There are 4 protein chains.
Amino acid sequence: MGRKGKESRKRLFEAAANEFAIRGFHDTKVSTIVKRAGLTQPSFYLYFSSKDAIFEELIADFHTHLRELITSFRLENGVKRKDVSKRVLAAVETVFQFLAANPDLTRIGFFLNPEAKQMKRDVTLALKENLEAEQRLGYFRSELEMETVAECLIGMIIHLTDLYLLPGIKDPANLSAEVVDLLIHGMLPNQSIPGQASETE
Amino acid sequence: MGRKGKESRKRLFEAAANEFAIRGFHDTKVSTIVKRAGLTQPSFYLYFSSKDAIFEELIADFHTHLRELITSFRLENGVKRKDVSKRVLAAVETVFQFLAANPDLTRIGFFLNPEAKQMKRDVTLALKENLEAEQRLGYFRSELEMETVAECLIGMIIHLTDLYLLPGIKDPANLSAEVVDLLIHGMLPNQSIPGQASETE
Amino acid sequence: MGRKGKESRKRLFEAAANEFAIRGFHDTKVSTIVKRAGLTQPSFYLYFSSKDAIFEELIADFHTHLRELITSFRLENGVKRKDVSKRVLAAVETVFQFLAANPDLTRIGFFLNPEAKQMKRDVTLALKENLEAEQRLGYFRSELEMETVAECLIGMIIHLTDLYLLPGIKDPANLSAEVVDLLIHGMLPNQSIPGQASETE
Amino acid sequence: MGRKGKESRKRLFEAAANEFAIRGFHDTKVSTIVKRAGLTQPSFYLYFSSKDAIFEELIADFHTHLRELITSFRLENGVKRKDVSKRVLAAVETVFQFLAANPDLTRIGFFLNPEAKQMKRDVTLALKENLEAEQRLGYFRSELEMETVAECLIGMIIHLTDLYLLPGIKDPANLSAEVVDLLIHGMLPNQSIPGQASETE
DNA sequence: CATGAATGAGTTTTCATTCAT
DNA sequence: CATGAATGAAAACTCATTCAT
């Protein structure tokens with residue numbers, strides 16, 4: 001496949017991503033995708049074997065990138081106690097940034113994908129490992145089941161993404177700050193102040 | 001509409017709920033619904049004006065019940081500080097119970113409904129008011145933006161419902177305990193222990 | 001399926017038979033079939049699950065009837081020597097009559113059916129058994145491999161059907177007389193005259 | 001057209017022959033043909049003006065060769081009575097050999113060609129003339145309509161080719177022996193024995 | 001001599017919905 | 001209250017064929 005072909009393929013891919021994101025799988029017509037890519041229907045089948053196939057490729061794309069991102073958070077050694085919040089914050093913000101940078105894929109991967117559950121689990125497990133490592137260092141309460149915590153975090157991220165991030169109402173910095181503050185310190189007052197103090201190594 | 005008519009309508013309604021929950025809107029066929037209800041296609045249109053109409057009715061049904069539930073949590077006066085956690089816990093558990101009791105509607109209302117956002121906002125706002133009332137009593141950290149907190153809680157609930165509740169992996173009691181513990185006390189260690197102590201008025 | 005439905009189905013069946021016979025499988029359009037039956041496309045799928053399905057049903061129909069016919073030739077006991085020719089003649093003529101009476105099915109079953117070979121074998125084997133029975137009575141030369149004879153007969157019938165019968169150039173009586181005369185007596189002259197004499201019991 | 005061009009053309013021709021033979025006209029795709037020939041679609045149109053054109057060329061090829069063969073059987077003068085069977089046998093065997101040597105073309109020419117009828121007639125007429133010449137010499141029964149005999153012979157050959165020759169179940173020698181024996185002597189017993197004796201001049 | 005890229009024209013099939021009874 | 005029969009409208013996909021290089 002030469003340069004021109006690659007470009008056509010990409011145009012189709014992007015038009016499809018946007019259409020699927022806006023309209024969902026069934027209400028997206030191949031005819032619309034090709035029109036937006038400046039091509040005719042048969043050309044679509046030159047690059048993708050079916051409407052299902054391009055949809056799955058979009059999902060796989062999202063999945064791959066997101067996993068890469070999560071995996072890249074693996075702990076470096078020697079994180080100091082006082083840095084833990086910062087590190088979690090940085091991670092969550094990075095995720096929000098990634099999602100904001102790929103709104104179409106995000107919508108497809110999170111909200112339109114019937115197999116999203118499996119993908120989310122996948123991401124969750126990667127996250128969980130990071131959290132457990134920090135928990136073993138005593139930075140997090142030992143009673144917490146980190147898998148559930150990871151699920152809760154993912155749940156919040158997904159929901160806030162849907163509500164605030166993708167519509168452009170809030171940005172990654174705000175969202176991550178709020179989520180992480182809540183998650184780290186909880187809702188109760190006062191006693192978290194000495195807690196914050198004790199974060200200092 | 002006589003008794004027999006009402007029964008037919010109900011059979012259609014329930015068959016539709018289940019089909020939609022399993023297969024989604026587009027992959028659910030009117031022909032399947034009527035088959036499951038032991039009727040023929042024209043009968044369907046005796047009771048519902050269209051496929052869209054029955055779907056919306058299902059959503060409205062879910063929405064109504066869920067709102068009722070949330071609204072019923074309105075604070076009675078004079079909640080004691082030490083009861084706050086318990087009250088939140090009770091509320092969350094009740095929600096999980098409701099969702100578990102209506103799995104088809106839940107799936108439709110939460111995961112298949114393109115207009116779910118509005119509905120979730122609605123529920124969120126009701127929740128937010130409750131939380132703000134308690135926050136004004138000083139039971140929750142004053143810096144917290146209660147709307148976001150409510151959204152986070154909803155996000156967790158939705159996600160855990162999808163992953164654990166509807167598949168029957170965890171039950172309302174477990175899920176609500178985990179969620180509320182995390183939300184109330186956060187992830188950090190130690191300082192939450194005096195915190196819990198100080199909950200006692 | 002009520003009366004009206006049955007009639008529609010039959011109209012479709014017959015229109016299809018004729019179209020397939022004239023145009024072959026690929027050049028027959030469902031749209032043409034339904035037009036000829038005075039219906040619209042979706043109605044076709046009310047009665048047949050696909051274009052392939054109706055084609056196969058036509059073949060099966062032909063096959064079934066033809067087999068029945070062949071099987072009905074099973075020898076009654078006590079055929080006299082002098083009747084053998086007559087019986088073969090009658091059988092062949094009946095076959096030609098059947099084919100002439102069902103020209104569309106014949107064309108489909110014999111000339112358009114990719115699985116025709118199997119069907120022909122089937123018919124051949126039924127025929128072979130009849131011939132072998134007569135051979136055991138000494139009415140046919142014992143050196144002859146009756147399966148091949150049956151195949152030859154079938155080959156002639158098929159070919160003559162294509163060339164003379166279906167186009168209406170010759171009729172069953174003529175064709176069967178010619179075929180059977182040739183098959184029974186062969187091409188060589190004279191010596192068949194005492195033979196014919198010896199047929200008399 | 002240089003050497004390379006000729007080779008490409010030939011590869012296309014042969015790939016097409018095989019595909020058509022296996023799959024029939026409609027289910028053979030130009031894209032498959034070119035793939036098998038190691039070329040791309042536009043190249044196909046360098047050598048053949050259309051899919052129809054190459055198909056017709058294949059048929060013409062078969063036709064030409066077959067006619068040549070049949071024509072070569074023209075009677076030399078002075079065939080002796082006792083040689084007649086042998087000559088017919090030789091002719092039929094030669095035909096079977098030709099068909100066996102060109103299985104793809106045979107399948108196309110005999111079984112896939114909608115215009116095969118005309119071609120078969122053609123061959124039949126050539127055959128008929130030979131037979132009539134021998135009939136006039138008194139070697140065959142004078143009552144026989146030689147055109148029909150020729151058609152019968154062709155019918156048998158075609159059918160046996162389909163069933164036994166192309167699948168490799170029987171070979172030209174066997175097949176021709178069986179066919180000719182049946183055709184010459186018929187099915188009846190006894191009287192053919194003096195007949196065979198009387199063949200000796 | 002050959003190809004990468006593209007397309008015109010078509011066809012089967014599906015499904016929500018309605019008519020007539 | 002219910003059904004047998006029918007349809008309008010569309011959508012995915014295929015394939016022979018050609019343009020531009």
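Labels below follow one simple rule: chain letters A, B, ... track the order of the sequence lines, proteins then strands, and each chain is numbered from 1. The shown structure was predicted, so the numbers you read here are calculated from the model rather than taken from an experiment.
No more than 12 heavy atoms of other residues, nucleotides or ligands sit less than 6.0 Å from atom NZ of B:Lys35.
Across every non-hydrogen atom of D:Ala53 and D:Ser49, the tightest pair is CB-OG, 3.4 Å. Closest approach of D:Tyr47 to D:Arg9, counting heavy atoms only: O-NH2, 3.6 Å. Counting all heavy atoms, side chain and backbone alike, C:Leu105 lies closest to C:Asp61 at CD1-OD2, 3.5 Å. When every heavy atom of D:Lys117 is checked against every heavy atom of C:Asp162, the shortest pair comes out as NZ-O, 3.5 Å.
Each of B:Phe55, B:Phe110, B:Phe20 was scored for a ring-ring contact (aromatic ring centres under 6.0 Å, His included) with B:Phe62, with one residue passing: B:Phe110.
Shown here are the salt bridge (Lys or Arg N to Asp or Glu O under 4.0 Å) partners of B:Asp122, two or more places apart in sequence or in another chain: B:Arg67.
Interatomic distance, CG of A:Asn113 versus CD of A:Gln118, reported as 10.5 Å (0.5 Å rounding).
Protein atom CD1 of C:Ile33 is 12 Å distant from nucleotide atom P of E:dT11, rounded to whole Å.
Side-chain atoms of D:Phe111 and D:Leu166, non-hydrogen and from C-beta on, do get closer than 4.5 Å to each other. In this structure the side chain of A:Glu7 reaches within 4.5 angstrom of the side chain of A:Arg3, judged on heavy atoms.
A cation-pi geometry, defined here as NZ or CZ lying under 6.0 Å from the six-membered ring centre and within 45° of its normal, holds between B:Lys51 and B:Phe25.
Of the residues in residues 35-48 of chain D, those lying under 4.0 Å from DNA chain F by heavy-atom distance are D:Gln41, D:Pro42, D:Tyr45. At a non-hydrogen distance threshold of 4.0 Å, C:Ser8 from residues 6-25 of chain C come into contact with DNA chain F.
Residue B:Thr28 is classed as a sugar-phosphate contact, given heavy-atom separations below 4.0 Å to backbone atoms only.
When each of C:Arg3 and B:Met1 is assigned the nucleotide of DNA chain F with its nearest heavy atom, B:Met1 is the one assigned upstream, toward the 5' end. Residue A:Gly2 is the one, among C:Val30 and A:Gly2, whose nearest nucleotide of DNA chain E lies closer to the 5' end (criterion: closest heavy atom). In terms of position on DNA chain F, the residue among A:His26 and D:His26 whose nearest nucleotide sits closer to the 5' end is A:His26.
For DNA chain F, the outermost nucleotides in 5' to 3' order that have an atom under 4.0 Å from a heavy atom of chain B are F:dC1 to F:dG4.
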Could you write out DNA chain F as a dot-bracket string, with dots for unpaired bases, | for bases paired across to another strand, and Watson-Crick or G-U pairs counted at under 3.5 Å?
.||||||||||||||||||||
Would you give me the side-chain donor-acceptor pairs under 3.5 Å for residues 10-18 of chain A, sequence neighbours excluded?
{"residue": "A:Arg11", "atom": "NE", "partner": "A:Ala37", "partner atom": "O", "Å": "3.0"}
{"residue": "A:Arg11", "atom": "NH2", "partner": "A:Ala37", "partner atom": "O", "Å": "3.0"}
{"residue": "A:Asn18", "atom": "OD1", "partner": "A:Arg36", "partner atom": "NH1", "Å": "3.0"}
{"residue": "A:Asn18", "atom": "OD1", "partner": "A:Arg36", "partner atom": "NH2", "Å": "3.3"}
{"residue": "A:Asn18", "atom": "ND2", "partner": "A:Asp104", "partner atom": "OD1", "Å": "3.2"}
{"residue": "A:Asn18", "atom": "ND2", "partner": "A:Asp104", "partner atom": "OD2", "Å": "3.1"}

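Judged by distance alone, with hydrogens and angles left aside, the side-chain atoms of D:Asn102 form a donor-acceptor pair with the main-chain N or O of D:Phe98 at under 3.5 Å.
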